[in-house]
S.K.: 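Structure provided below as structure tokens; questions to follow.
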Amino acid sequence: MQAYLNDCILSALDAMGGAPDGFSPEFEQPANPDHGDLSCNAAMQLARHFRKSPRVIADELAGHLSALPLDPKRVASVEVAGPGFLNFRFADAHLADQLKQIIDAGAAFGKTTSGTGKRALVEFVSANPTGPLTVGHGRNAVLGDTVANLLEWAGYEVDREYYFNDAGRQMRILGESVRARYMAHVNPDIPTKEIGEGEEVLTVPEPFPEDGYRGEYIDAIAGDLFETHGGDLDTADLDPFKKAAEKQIFADIEATLKRLGIHMDSFFNERTLYETNRVWEIIEAFREKNLAYDKDGAVWFKTTEFGKEADTVLVKSTGEPTYRLPDIGYHADKLERGYDLCIDIFGADHIATFPDVLDGIRSLGYDADKVDVVIYQFVTLIRSGEPVKMSTRKATYVTLDELMDEVGDDVTRYFFLMRSPNTHLEFDLDLAKEASDKNPVFYLQYAHARICSILRKAEETGLSREGRADLGLLDHPTEQALVKVMMDLPETIDRAAENREPHRLSNYLRDVAVAFTQFYGQCRIIGENDELAKARLQLADAARQVLANGLSVLGISAPERM
RNA sequence: GCCCUCGUAGCUCAGUGGAUAGAGCGUUGGUUUCCUAAACCAUGCGUCGCAGGUUCGAUUCCUGCCGAGGGCACCA
């Protein structure tokens with residue numbers, strides 16, 4: 001429709017002496033229904049060009065448009081309003097036609113082709129296996145998975161990847177923490193000590209590292225080791241403890257993700273980048289380009305070349321690379337795998353780190369424009385009106401599993417998706433628990449369940465929705481409003497995918513549910529004459545389909561009964 | 001000090017350079033012989049942080065200031 005009107009306006013402009021090169025009219029859906037179904041601001045844009053007031057230009061445009069003339073099956077009216085808007089009203093036949101298209105597309109309605117033929121990789125979660133996923137990881141996980149879903153609906157072929165490192169300092173401390181707990185299982189009389197200060201004081205076995213992991217899961221892993229091996233494990237060797245912890249924690253992480261409906265296509269271990277020598281090859285490449293040099297026993301990256309205030313370290317004097325080096329290698333690897341788009345989902349604390357990585361891969365000759373970073377702001381947990389400070393190591397956190405136990409899987413996903421990624425998310429636990437039945441997600445699901453109920457009841461009364469119906473009978477304002485909002489699903493998905501902003505879809509689905517509920521409140525289906533009932537049944541079924549499609553993109557269930 | 005994000009209704013937040021800035025929650029009142037009341041209808045709620053600039057037009061873009069959060073390690 002917009003393409004059609006675009007052409008019409010351009011030919012009208014030709015008749016008026018032509019528009020400037022490269023001009024294309026802008027369209028928008030007016031917020032106020034009195035302003036029609038689609039409005040165009042061409043007259044205002046061209047005020048300077050024609051040296052006339054927008055109002056006059058709009059009148060002339062409208063005149064030429066009616067002389068074309070406009071297809072009466074699509075456009076019912078065009079009028080000039082406000083400072084010079086051209087407001088178009090769609091013909092009823094057009095709406096019926098759109099509804100038919102929604103019905104025919106069915107479960108595929110909403111899919112677009114903007115990414116067709118392109119491959120995308122979404123990297124998310126990427127937590128090192130040092131503890132259970134927390135609420136903070138939850139936002140990352142749900143955001144990443146939903147962005148991936150959106151890209152799939154926009155036509156991309158999408159892979160989901162989890163990047164991790166099981167070799168660093170954190171993992172060593174993890175192993176030491178488990179080992180100390182294990183030693184206490186073997187010898188319950190082992191000397192203890194106190195670590196931490198104030199309210200955070202914890203009594204631990206003597207070998208427990210000062211900054212060790214305090215969570216109960218550590219002791220559970222140690223307990224399992226003791227049950228399996230008794231006291232036979234050699235505590236001089238840290239490796240078995242680290243391995244056992246990693247294995248168990250990864251299993252827990254995967255189980256949590258599965259509960260959220262998330263499946264990773266691949267796990268990428270940072271170690272690979274060392275085994276293939278890629279990181280050292282990158283350093284050599286940088287040296288050749290005069291972007292790396294030695295100083296104080298470390299290898300430095302000349303980030304000043306890219307406008308930074310200071311150079312940064314690539315390899316510490318201990319010989320251990322900083323995160324930058326493997327990250328550059330990892331992104332190079334992704335791009336070599338042929339992806340057209342690589343998306344990273346990062347918390348706001350990583351906001352300053354990725355420019356180095358992008359500069360790095362760009363200077364290696366890769367197309368850094370294919371990398372897109374989604375930054376989300378932190379989740380602030382509120383418990384009893386107080387913010388909860390979270391630390392994995394101190395075990396003052398709420399796990400994702402606990403959250404799902406409290407509020408349910410669908411609410412958890414929806415909560416993380418209902419706000420823009422770049423706003424701080426205030427998560428009031430008490431509110432989420434106590435008032436969970438007031439969560440908007442239920443409103444969407446309820447609308448879906450209600451339609452399913454109507455469809456069941458219609459079937460019982462022998463009313464069929466199969467076959468041809470006269471959709472032109474749907475002329476009630478609430479029916480037309482519903483069709484109009486349903487038509488927007490593909491564009492909403494496209495925009496949400498393009499901007500990596502799932503909340504656009506959450507908000508949209510609420511609009512659909514509202515439009516359906518208003519229709520439901522004013523129009524009956526069962527009990528009307530057969531022709532009208534059938535048309536309305538198909539309309540309701542289409543609304544059900546739109547809700548179901550949208551919810552599936554969000555990864556939220558669409559129940560048939562509630 | 002420098003960088004990033006945010007500042008919109010009592011609260012939590014939407015808002016594509018456009019017309020009278022929206023929704024949920026909360027407030028108050030009403031609605032059920034009727035396809036799900038987990039609902040609907042009505043109701044009030046605003047110096048869009050402040051000041052400039054660009055524009056026919058700015059909550060939206062630019063600059064400065066104020067405020068909140070995050071980041072500025074040989075941590076990730």
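By convention in this document, chain letters (A, B, ...) are assigned in the order of the sequence lines, proteins followed by strands, and residues within each chain are numbered from 1. All figures in this text were calculated on a predicted structure; none of them were measured in a lab.
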S.K.: Counting the atoms with a prime plus P, OP1 and OP2 as sugar-phosphate, which does A:A310 contact under 4.0 Å by heavy atoms, base, sugar-phosphate, or nothing?
M.R.: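 No contact.
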
S.K.: Calculate the interatomic distance between A:R495 atom CZ and B:U16 atom P; express it in whole Å.
M.R.: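 Going from A:R495 (CZ) to B:U16 (P), I get 8 Å.
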
S.K.: Sort and list the pairs that fulfil ring pair (Phe, Tyr, Trp, His ring centres under 6.0 Å) and have at least one residue in residues 495-535 of chain A, not counting sequence neighbours.
M.R.: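 Pairs touching residues 495-535 of chain A that pass the test: A:F516-A:F519.
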
S.K.: Taking everything shown except A:Q2 itself, do over 12 heavy atoms lie less than 6.0 Å from its CD?
M.R.: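 Buried by this count: over 12 neighbours within 6.0 Å.
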
S.K.: Is the shortest side-chain N/O distance from A:Y443 to OP1 or OP2 of B:C40 below 4.0 Å?
M.R.: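 Result: yes.
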
S.K.: Would you measure the distance from the P atom in B:C61 across to the matching atom in B:C4 and give it in whole Å?
M.R.: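 The answer is 14 Å between these two P atoms.
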
S.K.: If only side-chain N and O atoms count, and only distance matters, is there a donor-acceptor pair under 3.5 Å linking A:D166 with A:N128?
M.R.: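 Note: A:N128 and A:D166 side chains miss the donor-acceptor criterion.
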
S.K.: Could you tell me how far apart A:L46 (CG) and B:G18 (C1') are, to the nearest whole angstrom?
M.R.: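 Going from A:L46 (CG) to B:G18 (C1'), I get 15 Å.
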
S.K.: Determine the minimum heavy-atom distance between A:I361 and A:I328, stating which atoms define it.
M.R.: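 Where A:I361 meets A:I328 most closely, the heavy atoms are CG2-O, 3.5 Å.
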
S.K.: Say we look at B:C62 and B:G7: how far apart would their P atoms be, to the nearest angstrom?
M.R.: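 Per the computed distance, 14 Å lies between those P atoms.
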
S.K.: In whole Å, measure the gap between the C1' atoms of B:G67 and B:G30 for me.
M.R.: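 43 Å, rounded to whole Å.
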
S.K.: In whole angstrom, what separates A:N32's CG from B:G22's C1'?
M.R.: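 Distance check: A:N32 CG to B:G22 C1' gives 12 Å.
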
S.K.: Produce a footprint string for nucleotides 71-76 of chain B: one letter per nucleotide, 5' end first; B if the base is under 4.0 Å from any protein heavy atom, S if only the sugar-phosphate is, - if neither.
M.R.: S--BSB

S.K.: In whole Å, I'd like the distance from the CD atom of A:E28 to the C1' atom of B:G57.
M.R.: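 So the CD-C1' distance, A:E28 to B:G57, works out to 12 Å.
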
S.K.: Does the side chain of A:D488 pick up a donor-acceptor pair with the side chain of A:Q29 at under 3.5 Å?
M.R.: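 A donor-acceptor contact under 3.5 Å links the two side chains.
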
S.K.: Is the terminal nitrogen or CZ of A:R510 (NZ for Lys, CZ for Arg) located under 6.0 angstrom from the six-membered ring centre of A:Y443 and within 45° of that ring's axis?
M.R.: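 Flagged: A:R510 positioned over aromatic ring of A:Y443.
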
S.K.: Once pairs are restricted to Watson-Crick or G-U wobble with both distances under 3.5 Å, how does RNA chain B read as a dot-bracket string, [ ] for crossings and | for other-strand pairs?
M.R.: (((((((..((((....[...))))..((((.......))))......(((((..]....))))))))))))....

S.K.: Just to confirm, is there a sub-4.0 Å distance from OP1 or OP2 of B:U36 to any side-chain nitrogen or oxygen of A:K457?
M.R.: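 For B:U36, OP1 or OP2 has a side-chain N or O of A:K457 closer than 4.0 Å.
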
S.K.: Would you call the rings of A:F250 and A:F267 parallel, tilted or perpendicular if under 30° counts as parallel and over 60° as perpendicular?
M.R.: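 Geometry flag for A:F267 against A:F250: perpendicular rings.
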
S.K.: Side chain of A:T517 only, please: which of B:A39, B:U36, B:A19 is the nearest?
M.R.: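 Closest nucleotide to the A:T517 side chain: B:A39.
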
S.K.: Give a yes or no on this: more than 12 heavy atoms of other residues, nucleotides or ligands lie within 6.0 Å of atom CD of A:E531.
M.R.: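 Counting neighbours around CD of A:E531, 12 or fewer heavy atoms of other residues, nucleotides or ligands fall under 6.0 Å, so no.
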
S.K.: Please list, for nucleotides 11-14 of chain B, all pairs of protein and nucleotide N/O atoms separated by less than 3.5 Å.
M.R.:
from  : atom 1 : to     : atom 2 : distance (Å)
B:U12 : O2'    : A:R419 : NH1    : 3.2
B:U12 : O2'    : A:R419 : NH2    : 2.4
B:C13 : OP1    : A:H424 : O      : 2.9
B:A14 : OP1    : A:S420 : N      : 2.8
B:A14 : OP1    : A:T423 : OG1    : 2.8
B:A14 : O2'    : A:N507 : ND2    : 2.8

S.K.: Using every non-hydrogen atom in the two residues, find where A:P209 and A:I173 come nearest and quote the distance to one decimal.
M.R.: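 Closest approach of A:P209 to A:I173: CG-O, 4.0 Å.
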
S.K.: Would you indicate whether A:D294, at its atom CG, is surrounded by more than 12 heavy atoms from other residues, nucleotides or ligands within a distance under 6.0 Å?
M.R.: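 Yes.
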
S.K.: Looking only at the side chains, is there a donor atom on one of A:T517 and A:R450 sitting less than 3.5 Å from an acceptor on the other?
M.R.: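 Side chains of A:T517 and A:R450: no pair found under 3.5 Å.
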
S.K.: Calculate the interatomic distance between A:R139 atom CZ and B:G70 atom C1'; express it in whole Å.
M.R.: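 In whole Å, B:G70 C1' and A:R139 CZ are 13 Å from each other.
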
S.K.: Rounded to whole Å, how long is the line connecting atom NE2 of A:H35 with atom P of B:A21?
M.R.: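 Distance, rounded to whole Å: 11 Å.
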
S.K.: In residues 521-539 of chain A, which ones come under 4.0 Å of RNA chain B, going by heavy atoms?
M.R.: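 By residue number: A:C523, A:R524, A:I525, A:I526.
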
S.K.: Would A:K484 and A:D511 pass as an ion pair if we require N to O under 4.0 Å?
M.R.: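 No.
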
S.K.: Could you check how far CG of A:N41 sits from P of B:A58, rounded to whole Å?
M.R.: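 After rounding, the reported distance stands at 15 Å.
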
S.K.: When you look at CD of A:E560, are more than 12 heavy atoms from neighbouring residues, nucleotides or ligands closer to it than 6.0 Å?
M.R.: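 Result for CD/A:E560: open.
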
S.K.: Could you tell me whether A:E60 and A:K52 have a side-chain N and a carboxylate O separated by less than 4.0 Å?
M.R.: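 Here A:E60 pairs with A:K52 in a salt bridge, since their nearest N and O are under 4.0 Å apart.
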
S.K.: What's A:Y520 touching, base or sugar-phosphate or nothing? Going by heavy atoms closer than 4.0 Å.
M.R.: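 A:Y520: base contact, heavy atoms under 4.0 Å.
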
S.K.: Give me the distance, rounded to whole Å, that separates B:G18 from B:G24 when you measure between the C1' atoms they each carry.
M.R.: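 Approximately 26 Å lies between the C1' atom of B:G18 and that of B:G24.
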
S.K.: Tell me what A:R561 touches on the nucleic acid: a base, only sugar-phosphate, or nothing, going by heavy atoms under 4.0 Å.
M.R.: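 Base contact.
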
S.K.: Remember a base hit wins even if backbone is also touched, and classify A:D311 as base, sugar-phosphate or nothing at under 4.0 Å, heavy atoms.
M.R.: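 The residue A:D311 makes no contact with any strand.
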
S.K.: Are the ring centres of A:F301 and A:F306 closer than 6.0 Å?
M.R.: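 Yes, the ring of A:F301 comes within the 6.0 Å limit of the ring of A:F306, centre to centre.
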
S.K.: Let me spell it out: for each of A:E501 and A:Y446, pick the nucleotide of RNA chain B with the closest heavy atom. Which residue's pick is nearer the 5' end?
M.R.: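 Between the two, 5'-proximity favours A:E501.
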
S.K.: Can you tell me, in whole Å, how much space there is between the P of B:G1 and that of B:G52?
M.R.: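 It comes out at 25 Å once rounded to the nearest Å.
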
S.K.: Indicate, with yes or no, if the rings of A:Y162 and A:F268 have centres closer together than 6.0 Å.
M.R.: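 No, the ring of A:Y162 stays outside the 6.0 Å limit from the ring of A:F268, centre to centre.
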
S.K.: Do A:D37 and A:R89 sit within salt-bridge range, that is, some charged N less than 4.0 Å from a carboxylate O?
M.R.: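 A salt bridge is absent here (no side-chain N lies under 4.0 Å from a carboxylate O).
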
S.K.: Taking B:U31 as the reference, what is the distance to B:G22 when you measure between their C1' atoms (whole Å, please)?
M.R.: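 After rounding to an integer number of Å, I get 25 Å for this pair.
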
S.K.: Quick one: closest heavy-atom pair of A:S557 and A:P559, and the distance?
M.R.: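 Residues A:S557 and A:P559, closest heavy atoms: O-CD, 3.3 Å.
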
S.K.: Write down the protein N/O and nucleotide N/O pairs, taken from nucleotides 42-44 of chain B, whose separation is under 3.5 Å; answer none if there are no such pairs.
M.R.:
none

S.K.: For A:V514 and A:E491, find the nucleotide of RNA chain B closest to each by heavy atoms; which residue's nucleotide sits nearer the 5' end?
M.R.: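 With A:V514 and A:E491 compared, the 5'-side residue is A:E491.
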
S.K.: Does A:R172 reach the main-chain N or O of A:A167 with its side chain, forming a donor-acceptor pair under 3.5 Å?
M.R.: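 It does not hold such a pair.
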
S.K.: Check this one for me: any side-chain N or O of A:Q45 less than 4.0 Å away from OP1 or OP2 of B:U55?
M.R.: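 So the side-chain polar atoms of A:Q45 never come under 4.0 Å of the phosphate oxygens OP1 or OP2 of B:U55.
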
S.K.: Could you give the distance separating B:G15 and B:C6 at their P atoms, to the nearest angstrom?
M.R.: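 Each nucleotide's P atom is 11 Å from the other's.
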
S.K.: B:C25 P sits how many Å from A:F415 CZ, rounded?
M.R.: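 Checked: the CZ to P distance equals 14 Å.
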
S.K.: Pick the C1' atom in B:A9 and in B:U43, then give their distance to the nearest Å.
M.R.: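 Their C1' atoms lie roughly 14 Å apart.
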
